[in-house]
Amino acid sequence: MTVLRTMEWKKLPVSLTELCINTTLRCGQSFRWRKSGEDEWSCALHGRILSLRQDPSHLHYRATYPKSSSYLPSPPRSTAASEQAPEDDDTLDLIKHYFNLSPNLSQLYEQWASADQNFKKKAPKFTGIRILKQDAWEALVGFICSSNNNIARISQMVEKLCIHYGPLIGHIDSQAYHDFPTPQALTGPRVEQHLRELGFGYRAKYLYQTAVMIAQDKGAGWLDNLRNPESPKFGDKARPAGQMEEGGRDGYRTAHEELLALQGVGPKVADCVCLMGLGWGEAVPVDTHVWQIAQRDYKFGKGKHSSLTKATYDAIGNKFRGLWGEEAGWAQSVLFTANLRTFSERLVAKTEISEVIKEEDADGDDASEVTVARKVEVREKKVKRELVEDEHQALEVSSTTKRRRTTRNSLGAF
DNA sequence: CAACTTCCTCCTCT
DNA sequence: AAGAGGAGGAAGT
């Protein structure tokens, strides 16, 4: 097993309204973070394992390096593993970069709320959601995997990719941590077949072909040259970007168009990469959830924009950019997260379910556009059912420990 | 262009 | 118990 050196825990003052890792790391923009303990998150990043905890006033962080890491070039001055060259540790800078901590999020929320009544209504229970500055290649791969897929399985696929093709950083608590594979690592002649065997389905071909295009066809640095110059790679200097327009800045539009040339990359995936990997805050990825939001809350879904065509896609992005401005993608991700099933319990006070159901039913204010696909209604009803069931289960367990377990819940029980 | 179909697999519901 | 349907889409026709 790899020898590691674990740095000490350090802390950075940050409020939960500026950053909430428990939401930000689970809302479907990154797929590699794992809960490594009670309220502890870990991920291999930039040649180290980064572990995080958060309390209301601070983000606590710790890096764990492999013994012979190229990221800490200076020779060890002490033999004690925990004392080695902490002055060379750039983890704080990495965190500020990765979590995109420069923008004042509370201020942005206020701005979005004052411009948009719907945001004002939905956002208060979903504070601290930031757009991460992920590696562009990692974002590209993750979102190619995301087509016709859900977060849980995307995470599984990305993990398989890292295990089989990414460099091992080390183990913590017998859990292996691999960094993300390079594009080159996915260009081997049997990669596509192997990925199919690993359960990637038709995405296997996309990943292989895209890896070849990135590693061989396009020149070195092609992907990163599509970055927002105001939001450069970790360690690089910022340069000004262009002027904002309805369709976004020139650099954003160029990046979006260029990305469409890659296999498995359509408008939605291109915008995910633009927003979360290339630093273009005005990118608005429109997936089925955002499409539902646009119909339910922003009067899309009828007339000219009755179906999600390319024209409708662009119109939704333009609408949101006009409403929220240069960081429209950030605001969009807040509403998106509020709409996710995983987080929908927050819309409900766990104590009084019946009341909440009434409230939600009376919630059909917004112009009562019921073309909103009964999918949404069905889903909401389903959520309500589940909430009621969850509550019942919780009550049962706490009171009598009955064994009313459905088959799917008995995973690993015996 | 818009509309429709196919592509893989896993999970859920019926 | 088996089968249909859906899931943060994209590409081909």
Side-chain angles (χ1 to χ4, degrees), chain A residues 23-24 26-31 129 131-132 134 139-161 192-210 213 256-257 259-277 283-295 303-317 329 332-344 373-386 389-390 406-411:
Chain A
T23 310
T24 300
R26 292 193 304 145
C27 68
Q29 41 174 330
S30 61
F31 305 102
I129 300 174
I131 295 297
L132 301 171
Q134 299 183 72
L140 176 59
V141 169
F143 290 108
I144 286 177
C145 292
S146 77
S147 84
N148 251 331
N149 216 340
N150 54 62
I151 295 178
R153 194 158 83 99
I154 300 164
S155 301
Q156 284 180 18
M157 290 164 71
V158 169
E159 182 170 23
K160 284 177 185 170
L161 213 50
E192 180 180 342
Q193 180 57 33
H194 184 211
L195 292 182
R196 280 188 179 273
E197 288 161 6
L198 290 174
F200 282 67
Y202 58 85
R203 303 164 196 86
K205 180 160 63 175
Y206 294 162
L207 290 180
Y208 168 72
Q209 291 178 336
T210 291
M213 291 183 79
H256 181 99
E257 290 306 313
L259 287 169
L260 292 180
L262 300 172
Q263 291 301 307
V265 179
K268 185 264 180 183
V269 171
D271 274 332
C272 286
V273 177
C274 282
L275 178 62
M276 301 161 206
V284 177
V286 181
D287 55 28
T288 59
H289 284 190
V290 176
W291 172 229
Q292 286 178 3
I293 293 172
Q295 292 173 82
K304 192 179 174 221
H305 297 134
S306 58
S307 67
L308 185 49
T309 63
K310 173 67 175 155
T312 304
Y313 187 103
D314 292 338
I316 293 174
Q332 174 264 5
S333 81
V334 175
L335 295 188
F336 172 85
T337 305
N339 224 47
L340 274 185
R341 244 185 88 185
T342 324
F343 297 99
S344 59
R374 50 189 289 271
K375 255 191 202 172
V376 178
E377 294 174 17
V378 170
R379 191 182 60 77
E380 282 177 353
K381 281 180 185 168
K382 206 164 63 180
V383 170
K384 286 175 200 165
R385 266 208 314 279
E386 283 162 359
E389 282 170 8
D390 284 352
T406 59
T407 327
R408 67 174 187 281
N409 283 340
S410 59
L411 276 178

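Here is how names work: the chains are called A, B, and so on, in the same order as the sequence lines, proteins then strands, and each is numbered from 1.
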Across all chains, not counting sequence neighbours, the side chain to side chain contact (heavy atoms under 4.5 Å, CB included) partners of A:Ser333 are A:Ile129, A:Ile131
Sugar-phosphate only, base, or nothing, as touched by A:Val290 at under 4.0 Å among non-hydrogen atoms: nothing
Nearest whole angstrom, please: distance from the C1' of C:dA10 to the NZ of A:Lys268. 11 Å
Rounded distance in Å - CD1 (A:Ile154) to P (C:dA10): 12 Å
Which dot-bracket string fits DNA chain B when only Watson-Crick or G-U wobble pairs with both atom distances under 3.5 Å count, crossing pairs get [ ], and | stands for a partner on a different strand? ..|||||.||||||
Quick one: which protein N/O atoms are closer than 3.5 Å to N/O atoms of nucleotides 8-10 of chain B? Pair and distance per line, please.
from, atom 1, to, atom 2, distance (Å)
B:dC8, OP1, A:Arg196, NH1, 3.3
B:dC8, OP1, A:Arg196, NH2, 2.7
B:dC8, O5', A:Arg196, NH1, 3.2
B:dC8, O4', A:Tyr202, N, 3.2
B:dC8, O2, A:Arg203, NH1, 3.0
B:dT9, O2, A:Arg153, NH2, 3.2

Is C:dG5 in the syn or the anti form, by the rule that syn lies within 90° of 0? anti
Ring centres under 6.0 Å, that's the criterion: do A:Phe31 and A:Phe143 meet it? yes
A:Leu308 CG to C:dG8 P, in whole Å, measures 15 Å
Using the side chain to side chain contact (heavy atoms under 4.5 Å, CB included) criterion, which residues pair with A:Thr312? Sequence neighbours excluded. A:Trp291, A:Phe300, A:His305, A:Leu308, A:Thr309, A:Ile316
Mind checking side-chain hydrogen bond (donor to acceptor under 3.5 Å, both in side chains) for A:Asn149 and listing every partner two or more places apart, or none if nothing turns up? A:Arg153
Test of understanding: with side-chain hydrogen bond (donor to acceptor under 3.5 Å, both in side chains), list the residues that count as partners of A:Thr23, not counting sequence neighbours. A:Arg346
Tell me the interatomic distance from A:Ile144, atom CD1, to C:dA10, atom C1', rounded to whole angstroms. 10 Å
Separation between the P atoms of B:dT6 and C:dA4, rounded to whole Å: 15 Å
Please work out if A:Ile151 contacts a base, only the sugar-phosphate, or nothing of the nucleic acid, heavy-atom cut-off 4.0 Å. base
At under 4.0 Å, does any side-chain N or O of A:Thr288 touch on OP1 or OP2 of C:dA7? no
What residues, two or more places apart in sequence or in another chain, satisfy side chain to side chain contact (heavy atoms under 4.5 Å, CB included) together with A:Gln263? A:Tyr206, A:Gln209, A:Thr210
Taking the P atom of each, how far is B:dA3 from C:dG8, in whole Å? 24 Å
Nearest-Å distance for atom pair CH2/C1', residues A:Trp291 and C:dA7: 18 Å
Check salt bridge (Lys or Arg N to Asp or Glu O under 4.0 Å) between A:Lys310 and all other residues, then give those that pass, not counting sequence neighbours. A:Asp314
Using the C1' atom as the reference point in each nucleotide, state the distance between B:dC7 and C:dG6 in Å, no decimals. 15 Å
For A:Thr24, all residues meeting side-chain hydrogen bond (donor to acceptor under 3.5 Å, both in side chains), sequence neighbours excluded: none
Holding to side chain to side chain contact (heavy atoms under 4.5 Å, CB included), I want the full list of residues that pass it with A:Glu159, two or more places apart in sequence or in another chain. A:Arg34, A:Ile163, A:Gln175
Expected output: side-chain A:Gln134 to main-chain A:Leu140 donor-acceptor under 3.5 Å: no
side-chain hydrogen bond (donor to acceptor under 3.5 Å, both in side chains) involving A:His194 - partner list, sequence neighbours excluded: A:Tyr165
What nitrogen or oxygen pairs link the protein and nucleotides 1-5 of chain B at under 3.5 Å?
from, atom 1, to, atom 2, distance (Å)
B:dA3, OP2, A:Ser307, OG, 3.2

Touch check for A:Val265, heavy atoms < 4.0 angstrom, all strands: base, sugar-phosphate only, or nothing? sugar-phosphate
How close or far is atom P of C:dG12 from atom CG of A:Leu260, stated in whole angstroms? 13 Å
What nucleic acid atoms does A:Cys27 come within less than 4.0 Å of, heavy atoms only: base, sugar-phosphate, or nothing? base
Between B:dC11 and C:dA10, how far apart are the P atoms? Round to whole Å, please. 23 Å
Donor-acceptor pair, distance only, cut-off 3.5 Å: does the side chain of A:Arg203 make one with the backbone of A:Ile144? no
Surrounding NZ of A:Lys205 (heavy atoms of other residues, nucleotides or ligands, distance under 6.0 Å), is the total greater than 12? no
Distance in angstrom units between A:Tyr313 OH and C:dG9 C1', rounded: 10 Å
What is the distance, rounded to the nearest whole Å, between atom CD of A:Gln292 and atom C1' of C:dG9? 15 Å
